[in-house]
Novice: 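Handing you a structure now.
Naming: A, B, ... by sequence-line order, numbering from 1 per chain.
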Amino acid sequence: MIKQRIIELLAQAADKAQKSGKLPSVAVPEITIEHPQNPEHGDYASSLPLKLARATGASPLAIAEDLVGLMAPAPEVETATVAPPGFINFTLKDAWLTRQVDAILPAGESYGNIDLGQASRVQLEFVSVNPTGPLHVGHGRGAILGNTLANVLSAAGYKVEKEYYVNDAGSQIDAFNRSLYARYQQGLKVDAEMPADGYLGDYIVDLAKEIIADEGDKFLSLPEKEAVAEIGKLGLAKMLAQIKGDLELLGVGFDVWFRERDLFEQGQYEKVMSLLREGGYIAEREGATWFVSTALGEDKDNVVVRSDGSPTYFATDIAYHYNKFIQRKFDRVINIWGADHQGHISRMKAVVQALGISPERLVVIISQMVTLSRGGEVVKLSKRSGDIITLRELIDEVGADACRFFFAARSADSQMDFDLELAKKQSADNPVYYVQYAHARIASILRLAQDKKIDYSTGDVSLLTTGPELTLIRKMLLLPEVIEMVAQALEPHHLAYYAQDLATVFHSFYKQCRVVSDDEALSKARLKLVAAARLTLARTLHLMGMTAPDKM
RNA sequence: GCCCCUGUAGCUCAGUUGGAUAGAGCACCAGCCUCCGGAGCUGGUUGCGAGCGUUCGAGUCGCUCCAGGGGCGCCA
């Protein structure tokens with residue numbers, strides 16, 4: 001990556017300056033470079049002299065002059081100049097830029113890959129919605145966030161495993177089972193009341209009908225407890241299949257579907273509890289069992305086993321993270337949770353610490369609420385009210401690509417308002433079409449070249465000398481940097497902005513530069529350029545889980 | 001009361017881990033097709049919630065307010 005090259009050049013110059021005594025031997029701060037917003041300042045700029053000035057007391061301009069003077073000449077760099085109050089600005093060589101087209105083309109769909117992760121193992125757990133109801137719009141946001149992040153982390157050299165944690169034990173699934181049983185009875189004209197904590201959504205009625213169609217009335221003759229368990233099992237399978245299907249519509253898939261029940265059936269729950277007990281993190285009081293998180297600086301302790309002997313969600317999550325870190329030995333675990341789980345983070349980190357694992361290895365990304373409105377009127381998201389807008393409905397209305405782009409384009413930290421009417425009305429103006437249109441346009445140009453039987457493999461990229469051409473190349477070269485930024489900050493939304501930027505510079509290039517013309521040599525060079533642009537754009541879209549259409 | 005997130009253009013949002021003159025889309029206005037896809041291109045208008053502080057330099061960091069959302073359960 002060219003960015004790394006420039007950082008190296010600076011580091012070497014600083015080292016030389018210190019060895020020659022021009023610069024006092026202080027610790028060199030981390031060298032960062034950025035893209036100046038003013039293009040007159042070049043392609044890259046560093047404020048290293050300003051930082052060294054603080055550490056050494058010397059004049060930043062003098063330091064900058066020394067560093068530039070000591071810098072080795074590089075084939076990539078046209079100029080390195082000093083600018084007040086102490087910046088060093090770098091401008092890339094046009095000839096080097098154009099050569100990059102020949103580097104991008106053979107890389108193909110691997111263009112942009114970097115080795116930030118060095119094959120370290122990252123687990124990304126996301127969605128993990130209780131299989132007690134259909135996915136809604138907020139879940140879609142988490143799904144796309146997680147899936148896009150997984151794609152980018154893979155591109156950044158991490159070994160990524162995507163996992164869905166299936167809560168198939170506990171009180172919520174219990175309420176689901178009892179609700180389904182009640183609807184089953186009602187469907188067979190048996191007088192039954194919905195449980196007080198039951199799920200009132202119509203989908204439960206539909207599930208019950210399906211079960212009646214499949215299995216008839218045979219569960220009526222079973223004892224209630226047994227019937228609830230049997231029907232629950234069927235309902236869970238149907239619910240999971242539905243969830244899986246919805247996610248597939250968005251192109252979101254998982255490597256592992258991890259069952260909460262396994263934590264009990266395979267002894268991990270018992271194991272981790274005894275570990276914590278040995279560590280002195282467990283206390284009995286008020287008839288319940290507590291995790292003493294106050295010993296680790298938390299505000300309060302948390303119940304792990306209720307006074308009726310049943311484990312809490314927190315307890316199983318402890319076992320689950322024991323499994324992730326100690327049994328499966330992931331280097332890093334990233335969980336994507338909804339905003340309502342925010343309070344769960346610090347105690348989970350405390351547990352990880354109690355298990356002897358550095359808490360930094362557990363990263364929790366909170367995806368903020370999605371509020372839905374329809375025609376300016378707020379729609380409640382409650383899964384229990386039955387009045388929900390499902391993810392499936394959203395996909396049907398605006399399409400999978402638009403869903404992906406729309407959700408991926410927003411920082412997880414910001415809550416978003418999703419107006420369904422607006423989404424429908426604006427679907428043709430959605431930025432997703434702008435980006436995909438650029439791709440289709442390029443594909444169309446390449447088709448034309450093919451029709452005219454132009455073999456551009458021998459094109460001479462050094463003929464690409466105009467502003468729009470170089471601007472396009474510069475933008476294409478940013479993809480590895482974007483991947484690095486997304487992977488480091490765990491913020492996929494940068495990808496969406498990059499996609500738009502890239503499309504913009506392409507459209508602008510297209511307007512100013514005729515690709516297929518009478519000038520055969522120039523045509524071939526430009527065909528190479530647009531072929532590389534197509535690759536870059538397609539890669540970006542694919543990282544976002546979107547299609548890169550050749551025709552629209 | 002305590003904790004987390006957010007507050008940037010009329011609207012929806014970015015802002016490269018503290019950099020130089022704060023950007024994009026939508027909307028609005030004015031232009032642009034003899035030629036590879038006009039779902040496009042080129043211009044134009046407006047802004048960092050408030051106040052202190054840290055330093056060469058703050059939308060970004062710290063503190064205090066104000067506003068919106070979420071959490072603080074032997075729910076998940």
Side-chain angles (χ1 to χ4, degrees), chain A residues 3 30 32-38 40-41 45-47 50-51 53-54 60 83-87 89 128-130 132 167 170-173 175 197 286-290 299-300 302-314 316-317 338-346 366-369 371 406 409-417 419 422 426 428-431 433-434 436-438 440-449 451-452 478 481-482 484-485 488-489 491 493-494 496-497 500-501 503-504 506-517 523 526-527 530 551-552:
Chain A
K3 190 178 157 189
E30 190 196 352
T32 57
I33 60 172
E34 60 262 342
H35 298 278
Q37 45 189 323
N38 185 341
E40 285 171 20
H41 295 149
S46 178
S47 57
L50 286 160
K51 283 169 185 148
R54 184 171 301 176
F87 293 100
N89 295 331
S128 299
V129 175
N130 285 347
T132 54
N167 295 102
S171 60
Q172 299 284 332
I173 199 78
D197 60 348
E286 299 160 36
T289 305
W290 300 70
D299 288 344
K300 55 187 168 188
N302 300 97
V303 171
V304 284
V305 183
R306 300 183 187 97
S307 43
D308 70 358
S310 63
T312 61
Y313 158 82
F314 183 44
T316 51
D317 227 16
D340 54 339
H341 283 59
Q342 170 268 128
H344 191 52
I345 299 173
S346 65
I366 292 294
S367 90
Q368 291 294 330
M369 296 250 303
T371 51
F406 191 83
R410 270 155 187 80
S411 156
D413 289 335
S414 315
Q415 58 197 69
M416 56 186 284
D417 177 40
D419 190 323
L422 206 63
Q426 291 196 333
D429 295 325
N430 194 302
Y433 293 96
Y434 178 78
Q436 289 181 324
Y437 180 69
R441 237 183 183 177
I442 300 173
S444 161
I445 297 170
L446 295 175
R447 275 196 300 274
L448 178 73
D451 290 347
K452 295 194 166 191
L478 289 186
E481 291 181 27
V482 172
E484 180 184 61
M485 177 165 49
Q488 275 174 341
E491 291 174 348
H493 66 274
H494 299 295
Y497 285 87
Q500 285 184 89
D501 284 349
T504 297
F506 170 74
H507 284 309
S508 176
F509 155 83
Y510 174 86
K511 195 73 185 175
Q512 295 173 75
C513 301
R514 169 113 200 149
V515 177
V516 180
S517 66
S523 295
R526 285 184 172 167
L527 280 166
V530 299
K551 287 182 181 173
M552 293 173 70

Novice: Could you tell me the separation between the CD atom of A/Glu481 and the C1' atom of B/rU16, rounded to a whole number of Å?
Specialist: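 Distance, rounded to whole Å: 9 Å.
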Novice: Send over the distance from A/Tyr313 OH to B/rA76 P, rounded to a whole Å.
Specialist: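 A/Tyr313 atom OH is separated from B/rA76 atom P by 9 Å.
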Novice: Rounded to the nearest angstrom, tell me the gap between atom CG in A/Asp501 and atom C1' in B/rA24.
Specialist: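 Whole-Å distance recorded here is 8 Å.
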Novice: According to a strict under-4.0 Å criterion, is A/Gln488 in side-chain N/O contact with OP1 or OP2 of B/rU17?
Specialist: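 Checking A/Gln488 against B/rU17: no side-chain N or O falls below 4.0 Å of OP1 or OP2.
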Novice: Say you draw a straight line from CG of A/Leu478 to CG of A/Asp501; how long is it, rounded to the nearest 0.5 Å?
Specialist: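 Nearest 0.5 Å value for the CG-CG distance: 8.5 Å.
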Novice: Could you check whether A/Phe314 gets within reach of a base, just the sugar-phosphate, or nothing at all, counting any heavy atom under 4.0 Å?
Specialist: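 Contact class for A/Phe314: none.
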Novice: Please check the phosphate of B/rG37 (OP1 and OP2 only) for any side-chain N or O of A/His507 closer than 4.0 Å.
Specialist: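 Looking at the OP1 and OP2 atoms of B/rG37, neither is under 4.0 Å from any side-chain N or O of A/His507.
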Novice: When you check the phosphate oxygens OP1 and OP2 of B/rC41, does a side-chain N or O of A/Tyr434 lie under 4.0 Å from one of them?
Specialist: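 Yes, because at least one side-chain N or O of A/Tyr434 sits under 4.0 Å from OP1 or OP2 of B/rC41.
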Novice: How far does the P atom of B/rG62 sit from the matching atom of B/rU6, given to the nearest Å?
Specialist: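 Each nucleotide's P atom is 11 Å from the other's.
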Novice: For B/rA67, which nucleotide in any strand shown is its Watson-Crick or wobble partner with both distances under 3.5 Å?
Specialist: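 In the structure as shown, B/rA67 has B/rU6 as its Watson-Crick or wobble partner.
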Novice: Taking any heavy-atom pair under 4.0 Å as a contact, classify A/Lys551: base, sugar-phosphate, or nothing.
Specialist: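 The residue A/Lys551 makes base contact.
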Novice: Is A/Ala45 touching bases, backbone alone, or none of the nucleic acid, heavy atoms closer than 4.0 Å?
Specialist: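 Touches a base.
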Novice: Quick one: is A/Arg306 getting a side-chain N or O under 4.0 Å of the B/rA76 phosphate, OP1 or OP2?
Specialist: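 Yes.
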Novice: So does A/Thr371 get a side-chain nitrogen or oxygen closer than 4.0 Å to the phosphate oxygens (OP1/OP2) of B/rG69?
Specialist: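 For B/rG69, neither OP1 nor OP2 has a side-chain N or O of A/Thr371 closer than 4.0 Å.
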Novice: Between the base of B/rU21 and the side chain of A/Asn38, is there a donor-acceptor distance below 3.5 Å?
Specialist: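 Indeed, a donor on one side and an acceptor on the other fall under 3.5 Å apart.
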Novice: Measuring only the C1' atom in each nucleotide, how far is B/rG15 from B/rA20? A whole number of Å is fine.
Specialist: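 Rounded to whole Å, the distance is 15 Å.
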Novice: Could you check whether the rings of A/His341 and A/Tyr313 sit parallel, tilted or perpendicular, using 30° and 60° as the cut-offs?
Specialist: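 Aromatic pair A/His341/A/Tyr313 classed perpendicular.
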Novice: Working note: A/Val515 + A/Leu448, criterion side-chain contact (heavy atoms from CB on, under 4.5 Å); need CA distance, chi angles, decisive distance, verdict.
Specialist: CA-CA 10 Å; A/Val515 177; A/Leu448 178 73; over 6 Å; no
Novice: If pairing requires Watson-Crick or G-U wobble contacts with both distances under 3.5 Å, which nucleotide is the partner of B/rU42?
Specialist: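 Its partner is B/rA30 (Watson-Crick or G-U wobble, both distances under 3.5 Å).
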Novice: For A/Ser171 and B/rA76, is the shortest distance between a side-chain N/O and OP1 or OP2 below 4.0 Å?
Specialist: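 Answer yes for this pair, as a side-chain N or O of A/Ser171 is under 4.0 Å from OP1 or OP2.
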Novice: Answer yes or no as to whether B/rA76 has its base stacked against A/His341, where stacking requires a ring-centre separation under 5.5 angstrom and planes under 30 degrees apart.
Specialist: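 A/His341 ring does not meet the centre or angle cut-off for B/rA76; no stack.
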Novice: Would you mind telling me which of B/rC74, B/rG37, B/rG71 lies closest to the side-chain atoms of A/Arg447?
Specialist: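 Out of B/rC74, B/rG37, B/rG71, the nucleotide with an atom closest to A/Arg447's side chain is B/rG37.
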Novice: Nearest to the side chain of A/Glu34, which nucleotide is it out of B/rC36, B/rG19, B/rU42?
Specialist: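 Closest nucleotide to the A/Glu34 side chain: B/rG19.
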Novice: OP1 or OP2 of B/rA14 less than 4.0 angstrom from a side-chain nitrogen or oxygen of A/Ser414, does that happen here?
Specialist: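 Answer yes for this pair, as a side-chain N or O of A/Ser414 is under 4.0 Å from OP1 or OP2.
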Novice: Using atom types as modelled and distance alone, determine if a side-chain donor or acceptor of A/Ser508 lies under 3.5 Å from a backbone N or O of A/Thr504.
Specialist: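 Side chain of A/Ser508 to backbone of A/Thr504: no pair is present.
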Novice: Using only side-chain N and O atoms of A/Ser444, determine if any of them is under 4.0 Å from OP1 or OP2 of B/rG37.
Specialist: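 Looking at the OP1 and OP2 atoms of B/rG37, one of them is under 4.0 Å from a side-chain N or O of A/Ser444.
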Novice: What's the closest nucleotide to the A/Arg514 side chain, out of B/rG15, B/rG70, B/rC36?
Specialist: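 Side chain of A/Arg514 sits closest to B/rC36.
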Novice: Is the shortest side-chain heavy-atom distance between A/Lys452 and A/Val516 below 4.5 Å?
Specialist: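 Answer yes - side chains close enough.
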Novice: Picking from B/rG19, B/rA20, B/rA39, which would you name as closest to the side chain of A/Ser47?
Specialist: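 Within the option list, the nearest is B/rG19.
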Novice: Assign A/Ala83 to base, sugar-phosphate, or nothing according to its heavy-atom contacts below 4.0 angstrom with the strands shown.
Specialist: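 A/Ala83: base contact, heavy atoms under 4.0 Å.
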Novice: For atom C1', what is the distance between B/rA22 and B/rU16, given to the nearest Å?
Specialist: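 Their C1' atoms lie roughly 14 Å apart.
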Novice: Do A/Arg441's NZ or CZ and the ring of A/Tyr437 fall within the cation-pi criteria of under 6.0 Å and 45°?
Specialist: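 The answer is no, since A/Arg441 fails at least one limit relative to A/Tyr437.
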Novice: Choose from B/rG25, B/rC56, B/rC36 the nucleotide whose nearest atom is closest to any side-chain atom of A/Arg54.
Specialist: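 Nearest listed nucleotide: B/rC56.
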Novice: Taking the nucleotide of RNA chain B with the closest heavy atom to each, which residue, A/Gly287 or A/Asn89, is nearer the 5' end?
Specialist: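 Whichever sits nearer the 5' end wins; that is A/Asn89.
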Novice: Please name the nucleotide paired to B/rG25 by Watson-Crick or G-U wobble geometry with both distances under 3.5 Å, or report none.
Specialist: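 Partner of B/rG25: B/rC11.
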Novice: Which of parallel (below 30°), tilted (30 to 60°) and perpendicular (above 60°) describes A/Phe509 and A/Phe506?
Specialist: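 Aromatic pair A/Phe509/A/Phe506 classed tilted.
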Novice: Counting only side-chain heavy atoms from C-beta out, which of B/rU21, B/rG15, B/rG19 sits nearest to A/Glu40?
Specialist: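 Selected nucleotide: B/rU21.
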Novice: Any idea which of B/rA14, B/rG23, B/rA76 is nearest the A/His493 side chain?
Specialist: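 Ranking B/rA14, B/rG23, B/rA76 by closest atom to the A/His493 side chain puts B/rA14 first.
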Novice: Taking the nucleotide of RNA chain B with the nearest heavy atom to each, does A/Lys3 or A/Lys511 sit closer to the 5' end?
Specialist: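 Taking each residue's closest nucleotide, the earlier one in sequence belongs to A/Lys3.
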Novice: For B/rU16, measure the glycosidic angle (O4'-C1'-N9-C4 for a purine, O4'-C1'-N1-C2 for a pyrimidine) and name it syn if it falls within 90° of 0, otherwise anti.
Specialist: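 Chi for B/rU16 falls in the anti range.
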Novice: Taking the side chain of A/Tyr510 as heavy atoms from C-beta outward, which of B/rG38, B/rG19, B/rC5 is closest to it?
Specialist: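 Per side-chain heavy atoms of A/Tyr510, the pick is B/rG38.
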Novice: Using a 4.5 Å cut-off on heavy atoms from C-beta on, say whether the side chain of A/Ile173 contacts that of A/Asn130.
Specialist: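 Contact flag for A/Asn130/A/Ile173 side chains = no.
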Novice: Where the side chain of A/Gln172 is defined as all heavy atoms beyond and including C-beta, which of B/rG40, B/rA76, B/rU42 is the nearest nucleotide?
Specialist: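 Side chain of A/Gln172 sits closest to B/rA76.
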Novice: Applying a 4.0 Å non-hydrogen cut-off, can you work out what A/Ala339 is touching in the nucleic acid: base, sugar-phosphate, or nothing?
Specialist: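 If one applies the 4.0 Å heavy-atom cut-off, A/Ala339 turns out to touch the sugar-phosphate alone, with no base involved.
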Novice: Pick the C1' atom in B/rC41 and in B/rC35, then give their distance to the nearest Å.
Specialist: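 Comparing C1' positions in B/rC41 and B/rC35 gives a spacing of 15 Å.
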Novice: C1' atom, B/rC5 versus B/rU45: distance in rounded Å?
Specialist: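 Looking at atom C1' only, B/rC5 and B/rU45 are 33 Å apart.
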Novice: Is B/rC72 syn or anti, taking syn as a glycosidic angle within 90° of 0?
Specialist: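 That one's anti.
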Novice: May I ask you to say what A/Ser307 touches in the nucleic acid, namely base, sugar-phosphate or nothing, with a heavy-atom cut-off under 4.0 Å?
Specialist: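 Contact class for A/Ser307: base.
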Novice: Within less than 4.0 Å of OP1 or OP2 of B/rG15, is there a side-chain N or O belonging to A/His494?
Specialist: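 Yes.
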Novice: Side chain of A/Asp340 only, please: which of B/rU21, B/rA39, B/rG70 is the nearest?
Specialist: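 The listed nucleotide nearest to A/Asp340's side chain is B/rG70.
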